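Down below is the structure, laid out as structure tokens.
Predicted, not measured: the structure shown is a model, and the values here were computed from it.
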Amino acid sequence: MMKEDITHYTVNEVATNLRVTQRTIYTYIKIGKLRGIKIANKWRFSKKHIDDFLKQLSEVEYPRYVKK
């Protein structure tokens with residue numbers, strides 16, 4: 001059986017890695033672009049959530065800015 005990655009990232013960590021503000025991350029959540037889960041009243045994001053978001057971003061919105 002393959003071990004699943006159970007690491008979850010905070011809003012601050014995701015914002016830092018994507019080089020955007022925390023407010024931008026909350027906006028992405030609100031409009032449904034970025035999926036996450038709320039644990040103890042705080043948002044958490046799995047690697048899969050982030051990868052799905054980046055894939056959508058690279059294919060639809062900013063294809064020329066995202067390196068493949």
Side-chain angles (χ1 to χ4, degrees):
M1 194 164 127
M2 204 162 111
K3 186 176 180 182
E4 187 177 330
D5 181 20
I6 57 171
T7 303
H8 286 85
Y9 302 95
T10 64
V11 170
N12 188 36
E13 291 171 329
V14 174
T16 301
N17 287 331
L18 296 180
R19 297 181 184 169
V20 297
T21 64
Q22 290 182 23
R23 174 60 35 214
T24 301
I25 298 299
Y26 287 117
T27 301
Y28 288 153
I29 295 166
K30 185 177 181 179
I31 62 177
K33 285 187 177 184
L34 179 59
R35 291 185 44 210
I37 55 173
K38 218 169 191 185
I39 302 173
N41 207 26
K42 296 184 186 224
W43 284 99
R44 298 288 188 250
F45 307 91
S46 69
K47 182 162 175 24
K48 181 176 180 348
H49 289 143
I50 298 166
D51 289 343
D52 290 346
F53 170 72
L54 291 174
K55 183 178 179 186
Q56 172 192 4
L57 194 68
S58 69
E59 291 175 351
V60 178
E61 298 189 23
Y62 304 103
R64 66 180 185 213
Y65 298 114
V66 180
K67 293 180 181 177
K68 292 185 178 186

- Query: N41: what forms a side chain to side chain donor-acceptor pair (under 3.5 Å) with it, not counting sequence neighbours?
  - Reply: none

- Specify the closest pair of heavy atoms between F45 and V14, including all atoms of both residues, with the distance to one decimal. CD1-CG2, 3.7 Å

- Output all residues satisfying salt bridge (Lys or Arg N to Asp or Glu O under 4.0 Å) with K42, sequence neighbours left out; order by chain, then residue number. none

- Please check if L57 and V20 belong to a single hydrophobic cluster, counting links between Ile, Leu, Val, Met, Phe, Trp and Tyr side chain heavy atoms closer than 4.5 Å. yes

- Item | Distance (rounded to the nearest 0.5 Å) between L34 CG and I50 CD1 | 7.5 Å

- Query: Just how far is it from atom OG1 of T16 to atom CD of Q22, taken to the nearest 0.5 Å?
  - Reply: 7.5 Å

- Query: Between R44 and H8, what is the shortest heavy-atom contact and its length?
  - Reply: CB-CB, 3.9 Å

- Nearest heavy atoms of K38 and W43, plus distance in Å: CE-NE1, 3.7 Å

- Hey, are K55 and D51 close enough for a salt bridge, meaning a charged N less than 4.0 Å from a carboxylate O? no

- May I ask you to test the Q56-D52 pair for a side-chain heavy-atom distance under 4.5 Å? no

- Item | Pairing residues for F53 by the ring pair (Phe, Tyr, Trp, His ring centres under 6.0 Å) criterion, not counting sequence neighbours | Y28

- Query: Same cluster or not: are L54 and Y26 linked, directly or through other Ile, Leu, Val, Met, Phe, Trp or Tyr residues, by side-chain heavy atoms under 4.5 angstrom apart?
  - Reply: yes

- Message: With no hydrogens and no angle check, just 3.5 Å: does a side-chain donor-acceptor pair link T21 and T24?
- Response: yes

